[in-house]
Amino acid sequence: MEDYTWRVGGPQGGGIETAATLFAQALARGGWWVSARREYHSNIMGRHSYLDVRATRRPTRAFFERVDLLAALDAETLVRHLGEVKPGGVLVHDPEAARLPLSKLAMLDSAAYRRIAVALGGGDPLVQEALERYRDEGVHLVPLALEPLAREAGEAAGADAITARKTLNTVAVAASLALLGYPLELLEGALEAHFAAKPGVAELNRRVAAEVYARVEPLKEGHLEPVGSPGKRIYINGSHASAMGKVAAGLGFMSYYPITPATDEPFYLEAHPESGVLVVQVEDELAAVNMAIGASMAGARAALTTSGPGFALMTESLGFAGLTETPLVISLYQRGGPSTGLPTRTEQGDLRFALGAGHGDYPRAVLASESVADNFHDAALAMNLAQRFQLPVIHLTDKYLASQTRTLEPFDVAAIEPDPGVQAREAAGVFPRFSLNAEGGVSPRIPVGTPGAGYWITSDEHDEIGHITEDPELRDAMMEKRAAKMDALKEWLGADAMYRAWNPGADILVLGWGSTGGVALEAMTGLDLGYIQVRFLLPFPDLEELISGKKLVVLEYNQSGQFAHLLTQETGRKPEHLIVKYNGRPMTIEEVRAAFEAVLSGTAPQYMVLRGGV
Amino acid sequence: MEDYTWRVGGPQGGGIETAATLFAQALARGGWWVSARREYHSNIMGRHSYLDVRATRRPTRAFFERVDLLAALDAETLVRHLGEVKPGGVLVHDPEAARLPLSKLAMLDSAAYRRIAVALGGGDPLVQEALERYRDEGVHLVPLALEPLAREAGEAAGADAITARKTLNTVAVAASLALLGYPLELLEGALEAHFAAKPGVAELNRRVAAEVYARVEPLKEGHLEPVGSPGKRIYINGSHASAMGKVAAGLGFMSYYPITPATDEPFYLEAHPESGVLVVQVEDELAAVNMAIGASMAGARAALTTSGPGFALMTESLGFAGLTETPLVISLYQRGGPSTGLPTRTEQGDLRFALGAGHGDYPRAVLASESVADNFHDAALAMNLAQRFQLPVIHLTDKYLASQTRTLEPFDVAAIEPDPGVQAREAAGVFPRFSLNAEGGVSPRIPVGTPGAGYWITSDEHDEIGHITEDPELRDAMMEKRAAKMDALKEWLGADAMYRAWNPGADILVLGWGSTGGVALEAMTGLDLGYIQVRFLLPFPDLEELISGKKLVVLEYNQSGQFAHLLTQETGRKPEHLIVKYNGRPMTIEEVRAAFEAVLSGTAPQYMVLRGGV
Amino acid sequence: MELKLADYKSDLAPDWCPGCGDYGILSALQMALYKLKIEPSRAVLVSGIGCSAKTVHYAATYGIHTLHGRPLPVAQGVKLANPELSVIAMAGDGDGMGIGAGHFIGAGRRNPDLLYLIFNNAVYGMTKGQASPTLELGAQPKSLARPNIQNKVNPLMLAFAAGFTFIARGYAYDVKKLAHLMELGLRHRGLAMIDVLQPCPTYNNLHTREWFAPRIYDVAAEGYDPLVPREMSDEERAERMGRFTTKAGEWGERIPTGVFWQAQLPSFEERLGEYLPGYPADAPASRPPGGEAERVSALMRGHRVAQ
Amino acid sequence: MELKLADYKSDLAPDWCPGCGDYGILSALQMALYKLKIEPSRAVLVSGIGCSAKTVHYAATYGIHTLHGRPLPVAQGVKLANPELSVIAMAGDGDGMGIGAGHFIGAGRRNPDLLYLIFNNAVYGMTKGQASPTLELGAQPKSLARPNIQNKVNPLMLAFAAGFTFIARGYAYDVKKLAHLMELGLRHRGLAMIDVLQPCPTYNNLHTREWFAPRIYDVAAEGYDPLVPREMSDEERAERMGRFTTKAGEWGERIPTGVFWQAQLPSFEERLGEYLPGYPADAPASRPPGGEAERVSALMRGHRVAQ
Ligand SMILES: Cc1ncc(C[n+]2csc(CCOP(=O)(O)OP(=O)(O)O)c2C)c(N)n1
Ligand SMILES: Cc1ncc(C[n+]2csc(CCOP(=O)(O)OP(=O)(O)O)c2C)c(N)n1
Ligand code: SF4
Ligand code: SF4
Ligand SMILES: [Mg+2]
Ligand SMILES: [Mg+2]
């Protein structure tokens, strides 16, 4: 096996996350490159959720729609994932589930119920119908009652019934790995590491795993073997990567108000005081952003994370940071909008908002991360840009990256240094914090509270020492000083940092931004296409030459084509094709490839909507 | 005289507003078309402020930089308005002021001090220097000590010293009108009308005016005479016009949080219960917008006014209104940004923000008013669009229009009817408020609380009856239903409503939006230019054909060229020239004409900044 | 047609965790509406965002599930536009006392005729158990990485400071008593708040059924009288306020529930009626169409250059 | 160099209206800073937006003139990042009790070591005299088109409910006493609020110097003791709370000023120090650069596939 995807589905809060972690870690320990993605409802317990773990011999960038093995922890999973196991793949399911009518699946919402009922022939079909469909599609059915198995294995390992029930995740993983003939020791290692803080639990789960291995026969074919050693690889998600990137660039202060999926980052830092970051949970996003601004004015490197609704509440203060030339980083974790929308699903719907957030004109930078690793590097870059150019930087990422976990080589932290910014060499008495004598618009700075000096900061237009002014000439001079930062920043970055190009000589260029990069690159393998990943949305790279004479295809996660509009605004070019997705599910390699093939064959419409995903 | 501009300048809170009103009303009563604009600092008392009143025989659209008569109520006015009185014009000034050194003008900020001191020859010049400059420029100086005159005239009319001092505004107007040989009776009429609620004050001011007329000799030339009768004309500012437009379209509810210059509208409605509008002052803009949304959901026609900082706080709820298809109108009174910026100055800096406000994609309309009269018609149109298409409508206007007062023929209220919207004919039991069976994306509606029925509304994605859904297919269907409104709205409006064109056959077309229209049209008189006023920014009109093959010039009030960017985004065309102004002062006919002439003569750069104004 | 309790239940099955206190609050509310025979279509439930906010979907009334922190302004908008409706606002403790705290004060100053329920589980349920503003200093439910370093706010005290005219506390597992409190709150003319202690078995393992059971008691049973007369001497007022503050501040071994404060003051709708012709009978949402041209003409008259 | 009172004055002339109470508050603050010999460059004044907010420009300290309603969060950010600084937050009554009321509650729960001044003129001065949240119901200053239909909120009561540990009231025209109160507030370790009664002669013609003069008195002169001991019996606490509530609620013929409540509780910085290595000595703004790579490496260790 070169490329294997395992999926586990079941009710939210039922342990499937742990299952995916264990499966991934067991494979990672065997030298596989693994990546996992998580799909879940906005619900704490009971609604359908699933995770995919993809294991490969080389690092990858995206996920498939169809999997090699689906471990279904409940009946709902069986009916929801119809058609999503590859022919020749494996379905592990509870044989008891077959007897349930669809109407008994309490958490199946009415839209899904109607659609699945119709797909299974109408009426109130039994789950059995679904199993038959899988079989018809060439899926190998493995009836395995996981819950009873957990009970039995757990009790055999000496646990009471309730505790035994809790090993269901380990059982699902052990059963899967046993079927695949993967060495038990590697799972044991994963269990020990995962439950390191609770040796008793680790021991119980180890015993349960062994018991399951003893009971489950390996499949006849399609086995997975260890392929090497993990070396120093880390297994990390986009949220933690982003947190670390900020720490690498000197983060000292983070205020936050909880919001999915942005909170994992501050929550992680809060739980790890060794990060050296002062993390404060506050009363709302208005407090969060203004507290960070205050900390930054006092000289701390400050950052925030949020998603759409919270970002909306921060826009007034974004302009305040811009006008007062206060370094500030916001990692904006995009999720399904508008409004509360699809809060646990992915989207790239906040680009237009980020570009225009805040009334009036003021300099800001907007960059977008392509991958989990980018979340690290871009977070650090954002911090340094904010510091050097004294402005707010919006770091766009999304739910898909936040909840995506991958093995990576450790980040090269030595390569990152906190930018010192432009500091005033000396200051005594009234200090011209907003000096018009400012190279690239950047006035040398001392933090508020610097002994022996003083100045003012105001959200009104101001003079060089920070007092309010309404003088028309001074106003223009200040506006022009601030605006000068955009060119300076662009020059400092250099063209290479602003976009990435693959095969740019091709006649047809796909353009994407943020997390579309991964899937675009995997989907175009072997096709005669080029790909441009636009990393900076503001300032925008100079792409005119690169795209001149080419047919352009834009790929993005929003209905209106926000990036496509930006492209036209910046280059005058309208893309020939716009491929979008806005149902909240990540783009899969299959559907993007199909869209690319349609483009190449000339059968693609100008506007194409991808609709895959569960 | 065909076209006369009178300016009065003095300290904020010193009565110059009343003076301008009296002057304007006196002329309006004599059949003149008058318009007034107001410039002031963000300060309650003491800082410099001035108003211009322009009187003409036909309606006009803009103002000049240079005036025919400047009535200076203090010394600061004299030094600030150097060069702004036309040769041959008149300066009314207190002779005592001449002896003051510049440094004694307490409210002259340091930037203005430095600049004026240099202009007057350096050192700490006397105001006398300024007077000499005026004289050098051919201005007729009329030394008239207005304060002593007020005291004397007031006391002669029987008032005590303090009360007499309060008639200064009347004195300034009476002196000006007496100089111009304008009939006293018309001023008396204005005084009576203005002080109608306080007969004693009216009487005193009448006597003072008569006294001033008795003491001031008319000038030898340049007199003003009545030109007819005002008929049914009204004298109204942009804020009140906007309020009336909303009332005409059925406004029932307005919640507000005070902010300059948007509060005049709710404050006016609050003071006039005959408007039938329930006006509530609330704790912040978050409360304001959400209360209006609640009222709208219950079936009231609801609207808000705000400016940049307040609008920023409303963006989250804008998406809520969009997703829940709730009719809502926000009149966004743009002022100098970013952040608190220049809160009492004008700008068009919020376009990009308005277009992108709120995370995610949702339908909304954005239109901009060109004039005081437009504020009325557009406010009504915005209300009707919101109702018919069940979406938020952002009505852009600005400080310049808000504080601009004009004589107009009464609004044709009979021509406006509140749009009934698409109402469900009947409803019993659970009602499909978000029915997918929706022509042009508009589901028939019943308000919350309709007897015998029920439904839900949620900020999450939802099904037809308003329950949360995360189903991918239903999600797509709902997104597409909502998005369909944009085309339907565009079709319903028709191209004619979306822009206005003057002389579109010219080779060079100027494009503007909002309040740039007036000054562009006056400035281009006699020049070989066409002008396009873009009224709808979202949806955007189809201009491709109109602009094809033309040289394009964009005129707007912001630094980055927000509208120019939009034009490129929508048409692929970059304008050949971008003329902007962002010092907070309104564009004057002179400077815009000069810029146009430079364009025509080929001497204009691509990016031109207008810097005029005090 | 006779109304039945079942008429207040929607077809949707709640997706709260097993044992969540929200089930009890939902039942109590349905019981109170039923008891008062409020037509389901004349009741509007308005929530914010959070586990608690899903409540509105499970009642067969009108339901508005707004934004995090904003139920009170939306509810006031509905009520002011159509004062005939029974409007019940509800908020999680994060929703109501954190991000929505400013509106709490604003509404208190107005005294609109609303019932406002705080779902007090001391955590942010929906976002996985962070400390809410009602969690005690130093407490560490299992979802927290470190003990809580912020003090808690007491909804009763805050309601008092803001000017609420009906202030009560209930307990989600005592559905009957809670329903009774809601009935009183709905009957009250003015702004009524009920702080509902709501166990969250998933994230808050400190304030469990077992923890609450022995502590909860009813202030009425001790003869506490919440009614505040319109006229009071200074001493009487001082005595009342002291009594209220003491009871409201009690927490620990004994936790009082019941009505703590009830005053009769004009509601916001009544106050508005003094200045707005015809209101509240003739309200923005119930006004028949027409008359706009006359209203504008009346306004324009004030702007005529010559009368 | 010996510090002089003049060292606290900036070169800018205030542009408040003649007779505005803000002049007195500015003077009192300068006197208090001078009295405590706080280095001007170690003091940071943080205001919102409003007439009151201009204050920071007139003091020769660091001054941050933030956004409407946001002085408290910005001030907390400054203080937490650099706990060595003396941070004074100030807000208009609209700023602090209207749009900023949520932060008032949030800060109260935290108890950061700040002084917070409310400029209480009962109107929105800067936007031309609308009712502020501290204007009484039914009052009609000349700037209002109709009498105020919202009730007022009492900053002292609200501070108490939010958990402020120092609660006082001063009067802008009694500069000396006000300076003394500020001195006490600056000395207090924790969150100190002073509600400053501030006449606005331009818009508020009800609460004038003449109106205040005969009403204002000092609670200390009556023997009122604001100090709350750390340990108290239930009765003692009840008695204290009752006494506070009564005094704080007094308004009309007599208006009390002085310190109403002062409790010693750990400040937020102290609480943070329990979990954050080295804090507050080693704070984000004062930490020397370096060590980032080690910090990230330490974090990465927890993510290693194999240890
Ligand atoms: C503006 C905004 N910020 C943050 C969130 C994320 N969020 C959703 S629910 C919630 C907290 C819920 O806690 P609580 O109000 O106590 O309700 P509970 O879930 O405990 O019932 C938060 C912070 C949001 N939806 N909107
Ligand atoms: C978000 C926002 N909303 C509204 C305003 C407009 N605004 C400026 S000052 C002010 C009120 C000032 O009143 P207060 O806080 O009492 O201060 P005062 O002027 O009375 O000192 C308002 C509403 C603003 N600047 N920002
Ligand atoms: S997380 Fe807590 S509050 Fe939310 S549903 Fe579960 S038990 Fe209830
Ligand atoms: S308006 Fe009032 S608060 Fe503002 S400066 Fe004038 S007197 Fe002071
Ligand atoms: Mg909660
Ligand atoms: Mg005030």
Side-chain angles (χ1 to χ4, degrees), chain A residues 25 28-29 189 193 230 232-236 240 244 247-250 252-253 255 272-276 278 280 282-284 286-287 290-295 297-302 316-317 320 407 410-411 413-414 418 420 447-460 467-468, chain D residues 10-12 39-42 44 46 49 54 56-57 60-67 69-70 72-82 84-85 102-103 105-107 109-110 268 272 275-277 279 283-287 289 291-293 295-300 302-307:
Chain A
Q25 292 274 16
R29 289 175 164 257
K232 301 196 154 188
R233 278 179 213 157
I234 56 175
Y235 183 62
I236 190 167
H240 298 172
M244 288 183 194
V247 173
F253 189 92
S255 33
H272 290 87
E274 69 270 29
S275 67
L278 197 172
V280 193
V282 297
E283 59 273 21
D284 62 13
L286 291 155
N290 286 295
M291 219 179 265
I293 286 173
M297 287 171 171
R301 314 242 157 168
E316 189 196 5
S317 302
F320 177 44
T407 43
F411 300 123
V413 283
V448 154
T450 301
Y455 60 80
W456 296 269
I457 298 178
T458 170
S459 62
D460 288 83
H467 284 322
I468 300 172
Chain D
S10 85
D11 286 341
L12 202 66
E39 249 292 332
S41 66
R42 304 299 276 167
V44 185
V46 186
I49 292 287
K54 293 183 174 179
V56 305
H57 291 279
T61 57
Y62 285 92
I64 310 180
H65 181 180
T66 70
L67 298 173
R70 316 299 162 209
L72 268 181
V74 174
Q76 289 172 84
V78 172
K79 180 72 186 180
L80 294 178
N82 189 348
E84 283 173 16
L85 302 177
H103 305 310
I105 312 296
R109 290 176 44 224
R110 262 173 233 122
F268 193 59
L272 267 172
Y275 303 102
L276 215 66
Y279 191 85
S286 48
R287 192 163 67 193
E292 292 79 13
R295 286 196 277 273
V296 177
S297 299
L299 291 173
M300 278 200 293
H303 289 263
R304 283 256 191 91
V305 171
Q307 296 304 319

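Below, chain A is the first sequence line, B the second, and so on; all start at residue 1. The basis for the numbers below is simple: all heavy atoms, side chains too, and nothing from hydrogens, waters or symmetry mates.
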- A/Ala193, part contacting chain D, at a heavy-atom distance under 4.5 Å: neither
- Would a 4.5 Å heavy-atom cut-off, applied to side chains only, mark D/Pro284 and A/Arg301 as touching? no
- Note on the structure: Of the listed A/Gly252, A/Ala292, A/Gly189, the one with the largest count of heavy-atom pairs under 4.5 Å with chain D is A/Gly252
- Rounded to the nearest 0.5 Å, how far apart are CD of A/Glu283 and CD1 of D/Ile105? 9.5 Å
- Message: Which heavy atom of A/Glu274 sits nearest to which heavy atom of D/Ala298, and what is that distance?
- Response: CG-CB, 4.3 Å
- Task: Considering only heavy atoms and a distance below 4.5 Å, find which of D/Ile64, D/Leu67, D/Leu12, D/Asp11 pairs most often with chain A.
- Result: D/Leu67
- Say whether, by atom type as modelled, one donor and one acceptor occur between the side chain of D/Tyr62 and the main chain of A/Ile457 under 3.5 angstrom. no
- Query: Is there a side-chain contact between D/Ser297 and A/Val413, using heavy atoms and a 4.5 Å cut-off?
  - Reply: yes
- Task: Let me know if D/Leu299 has heavy atoms under 4.5 Å from chain A in its side chain, its backbone, both or neither.
- Result: both
- Heavy-atom distance under 4.5 Å to chain A: side chain of D/Tyr275, backbone, both or neither? backbone
- Query: Taking D/Arg287 for the side chain and A/Gly276 for the main chain, is one N or O donor matched with an acceptor at less than 3.5 Å?
  - Reply: yes
- Task: Identify the two heavy atoms, one from D/Pro277 and one from A/Pro273, that lie closest to each other, and give their separation to 0.1 Å.
- Result: CD-CB, 3.7 Å
- Query: Listed by chain and number, what are the side-chain contact (heavy atoms from CB on, under 4.5 Å) partners of A/Pro420, not counting sequence neighbours?
  - Reply: none
- Item | Selection from A/Val282, A/Ile293, A/Leu286, A/Thr407 maximising heavy-atom pairs under 4.5 Å formed with chain D | A/Leu286
- Task: Not counting sequence neighbours, which residues clear side-chain contact (heavy atoms from CB on, under 4.5 Å) with D/Gln76? List them please.
- Result: A/Met291, D/Leu72, D/Ala107, D/Arg110, D/Pro112, D/Leu114
- Query: Between A/Val448, A/Ile236, A/Asp284, which residue shows the highest count of heavy-atom pairs closer than 4.5 Å to chain D?
  - Reply: A/Val448
- From OG1 (D/Thr61) to OH (A/Tyr455), nearest 0.5 Å: 12.0 Å
- Under 3.5 Å: donor-acceptor pair, side chain of A/Arg233, backbone of D/Arg304: no
- Message: When you measure from the side chain of A/Ser459 to the backbone of D/Thr66, do you find a donor-acceptor pair of N or O atoms at a distance under 3.5 Å?
- Response: yes
- Query: Got a donor-acceptor contact below 3.5 angstrom from the A/Trp456 side chain to the D/His65 backbone?
  - Reply: no
- Ranked by heavy-atom pairs below 4.5 Å to chain A, first place among D/Gly63, D/Ser286, D/Ser10 goes to D/Gly63
- Message: As an exercise: rank D/Ala75, D/Pro40, D/Gly106, D/Gly69 by heavy-atom pairs under 4.5 Å with chain A and give me the winner.
- Response: D/Gly106
- Task: Among A/Ala300, A/Gly449, A/Gly454, single out the residue with the greatest number of heavy-atom pairs under 4.5 Å to chain D.
- Result: A/Gly449
- Note: D/Leu80 and A/Phe253 closest approach over all heavy atoms is CB-CE1, 3.9 Å
- Query: Which bit of D/Leu85 comes within less than 4.5 Å of chain A, counting heavy atoms only: side chain, backbone, both or neither?
  - Reply: side chain
- Under a 4.5 Å heavy-atom cutoff, which of A/Ala414, A/Pro451, A/Ser255, A/Ser317 has the most pairs with chain D? A/Pro451
- Task: Measure across D/Val305 and A/Pro230 and return the closest heavy-atom pair with its distance rounded to 0.1 Å.
- Result: CG1-CB, 3.7 Å
- Any chance you could lay out the side chain to side chain contact (heavy atoms under 4.5 Å, CB included) test for D/Leu272 and A/Leu278, step after step, and finish with the verdict? CA-CA 8 Å; D/Leu272 267 172; A/Leu278 197 172; 3.7 Å; yes
- Item | Gap separating the NE2 atom of D/His303 from the CE atom of A/Met244, nearest 0.5 angstrom | 3.5 Å
- Query: So which of D/Glu292, D/His57, D/Arg295 has the biggest tally of heavy-atom pairs under 4.5 Å with chain A?
  - Reply: D/His57
